[in-house]
2 protein chains.
Amino acid sequence: MPEGDGVTQPVGASDGTSEGAAACSVDVRLTMLARTPLFRGLEDHEIEGVNARCRARAVQPGELVFRWGEPAESLFVIATGQVKLMEHASDGRLVVLDLFGPGEFFGSAPALGDDAYTYDAQAVTAGCVLALSAETFERILHDVPLVALNALALTSQRLRDAQQTVHALSTLAVEAQVAATLLRLAAKFGEVGPAGTRLEAALTQVDLAAMSGTTPESVNRVLSAFRRRGLVDSGRGWFVLKDRAALEALKDSH
Amino acid sequence: MPEGDGVTQPVGASDGTSEGAAACSVDVRLTMLARTPLFRGLEDHEIEGVNARCRARAVQPGELVFRWGEPAESLFVIATGQVKLMEHASDGRLVVLDLFGPGEFFGSAPALGDDAYTYDAQAVTAGCVLALSAETFERILHDVPLVALNALALTSQRLRDAQQTVHALSTLAVEAQVAATLLRLAAKFGEVGPAGTRLEAALTQVDLAAMSGTTPESVNRVLSAFRRRGLVDSGRGWFVLKDRAALEALKDSH
DNA sequence: CGCACAATTGACAGGTGTCAAACATAGTGG
DNA sequence: CCACTATGTTTGACACCTGTCAATTGTGCG
C-alpha cells in the first residue's frame, strides 16, 4: 500500500510481524472502509455507521478465518494483509480460487444465497480483517441501496474473472497457465521495480500450482525454463517478472 | 422451420415446435417475467412496467444474440428456449461457459462493470429473448431495490458455480469431468423419465467437450465406456443418465 | 549449527490430444 | 418415397505432455 505514513497508528506497530497480532486501530479501520470499493460513494457518517457495526480481528499467517461448511454468518473486509480462498479436493490436493488484498471483501451470507461458507479462507500474511455479521450486512444492503449496487458490480466482475479462469483452464497448456497466473497476480499485487514487477506474498510454488491447476513440480519446470529464457527470476517465496510482453504472448498461445 | 414472419402472435401455440420463429406474446412475456428469479417479489404493476420497457426478439437455433466485444448495451431475459454462453480461444477451440434456460438472464451493462460483452451468446434452440437496454436496467436497479438484491444473490450464486467449475477443471480427470458436466446439465435441464434423466437440448458431443474442458474424441471415448457400463445411453444430440449415483461417485474420485 | 521446508532435477508411465478414417443419422431435394 | 448429403459419431494409432515417485540441493529460521 502506497499511503506511507498510514494515518497515525497509536498502537506500537514497530513493523512487519508485530502488526499482525494487534487488531487494527479505529483510524485504520475508517480509512480502509472508506477505500473499500464495496462502500464507495458512501457519506462519512454512513462509513462510521458501518465501522461501528463491524468487529476487527487480527490474523496470523496461515490462520484460517473460516472453514468450508461452517455456517455462513459473516462477511469480511480486509483492512491489512492478504487472504487466500481455497478448496481442497477429495484426494487432498488444494485449489486456490482467489487471492485478496486490502479493501476486498469475502465470506458468505444468506443474502448472497449461501447458508454455509463455500471455501476455506486462510490468511497469507499477518493482517487484520473486519467482520460484518450476516444480519448487519443484510441491514446495510437494505438501508443503503448504493452498497447493493456496488456489491453487484463487484460480484459481476469476479464472475467474469472466474469465467476467464475457466476459459484458461480449458484451453491452455501448463506453461501458458503459469504465465497467465503470474500476470494475474502481478497485475493485482506486483510492485514495479527496476528489474521488473516483483511478487512477494509468501507465495510458494505450491501456491502457484494450486492457482494454475497443475502440480508444484510442473510449475518448477516451467519456472526454470522461464528463468533460462530471461523471462522471470524467482527464489524462495518471491518472483520477479522481467519480460511481461513475452509472458503475455505465451499466455495467448495454446 | 415453420413460418418466419410472425410478429406478436396471439397466445395460440403455447408450446411445441411452433413457438420457435415467432416473438412471444404479451401473455407469455408477462408470465415469464413474473417467474424470472431476477424479478421475484415484484408487484404486478412493476412487472408490467418492466414488460413495457423491454423488447422481445425471436431467435433461431445457432443465431448469435450478441458477440464478444460488442458494446454492452443490453441485458436479456430468456422467455423460451435455451442460450449458451461461449468464448473462442485463439486457436479456434470453443469454451462453453454456461447454458441458460427460460427465466435466466445474461448480457452485460455498465452497471455490472462491463463496457463490452465478454462472451458470445448463441441460441441453442428456437426461442424468444427479452431485451432490456442498459439504461433501462440501470433505472430499474435504482427504482426497485429488490431487483438489485435479487441480481446480487443470483450473481453470487453463479460466481460460486464458476468457482466449482474451476475446482473441477483443476483436479478432475476427463472421465470425472464428463460425469460432472452431465450431472450439472441434468440437474438443470434434465427431464425425468422411466429409463432415467433425459437430456435433449440439441447438445452435441462437441458441446459437451467444450463444457468439460476436453476434446470431442475424449468425450466420445468416455461416453462409450459409460454406455458399456450401463451408466448412460446416448445418441445423436441426446443423452440419458441411467445411473446417477454411479456418476456422482465418479465425479468425486480424482 | 542443524532442522524443517522449499526448490530442483531425473526417470518413468499413463492419460490425453492429435490426426485420420470409417460409420451412422437426420434432414434435404428430387 | 427414396437417394443424397451434411453433420455428428465412433474407433484406431501414436506421440507427447504432464503427473507421479523419488532423491538431492538449497535456503531461512530457531
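In the text below, chain A, chain B and the rest are named by the order of the sequence lines, each starting its count at 1. Note that the coordinates shown come from a computational prediction; the quantities given were computed from them, not determined experimentally.
For C:dT18, one of the phosphate oxygens OP1 or OP2 lies less than 4.0 angstrom from a side-chain nitrogen or oxygen of A:His254. Distances shown here put every side-chain N or O of A:Gln177 at or beyond 4.0 Å from the OP1 or OP2 atom of D:dT18. Contact check, B:Thr214 against C:dT16: no side-chain N or O comes under 4.0 Å of OP1 or OP2. A sub-4.0 Å separation between OP1 or OP2 of C:dG17 and a side-chain N or O of B:Thr215 is present. Taking only side-chain nitrogens and oxygens, B:Ser218 comes nearer than 4.0 Å to OP1 or OP2 of C:dG17. A sub-4.0 Å separation between OP1 or OP2 of D:dT7 and a side-chain N or O of B:Gln205 is absent. At C:dT9, one or more side-chain N or O atoms of A:Ser224 fall inside 4.0 Å of OP1 or OP2 (strictly under the cut-off). Note on A:Asn220: every side-chain N or O is 4.0 Å or more away from OP1 and OP2 of C:dA7.
How far CD of A:Gln82 is from CD of A:Glu104: 9.5 Å, rounded to the nearest 0.5 Å.
One interatomic measurement links the two molecules: CG of B:Leu203 to P of D:dT7, which rounds to 18 Å at whole-angstrom precision. Rounded to an integer number of Å, the gap from CG of A:Leu94 to P of C:dA6 is 12 Å. The CG atom of A:Asp207 sits 15 Å away from the P atom of C:dC5 (whole-angstrom rounding). Separating the CG atom of B:Asp91 from the P atom of C:dC19 is a distance of 11 Å, rounded to the nearest angstrom. In this structure, CH2 of B:Trp238 is placed 17 Å from P of D:dG8, rounded to the nearest angstrom. Between B:Phe226 atom CZ and D:dT9 atom P there is a gap of 16 Å when expressed in whole angstrom units. For the pair B:Arg227 CZ and D:dT11 C1', the interatomic distance rounds to 12 Å; values are reported in whole Å. Spacing between atom CZ of A:Arg228 and atom C1' of C:dT8 amounts to 11 Å, rounded to whole angstrom units.
Residue-to-nucleotide contacts include a donor-acceptor pair under 3.5 Å from the side chain of B:Arg236 to the base of D:dT7. At a cut-off of 3.5 angstrom, the base of D:dG12 holds at least one donor-acceptor pair with the side chain of B:Arg221.
Applying the 6.0 Å contact sphere to CZ of A:Arg55 captures no more than 12 heavy atoms from other residues, nucleotides or ligands.
Taking for each of A:Leu172 and B:Ser234 the nucleotide of DNA chain D with the nearest heavy atom, the 5'-most of the two is the partner of B:Ser234. Of the residues near DNA chain D, A:Glu217 and B:Gly237, the one whose nearest nucleotide (by heavy atom distance) lies more toward the 5' end is B:Gly237.
At least one side-chain heavy atom of A:Met211 sits less than 4.5 Å from a side-chain heavy atom of A:Leu203.
Ring centers of B:Phe106 and B:Tyr119: at least 6.0 Å apart, outside the cut-off.
B:Phe66 does not carry B:Arg57 over the face of its six-membered ring by the limits of under 6.0 Å from the centre and within 45° of the normal.
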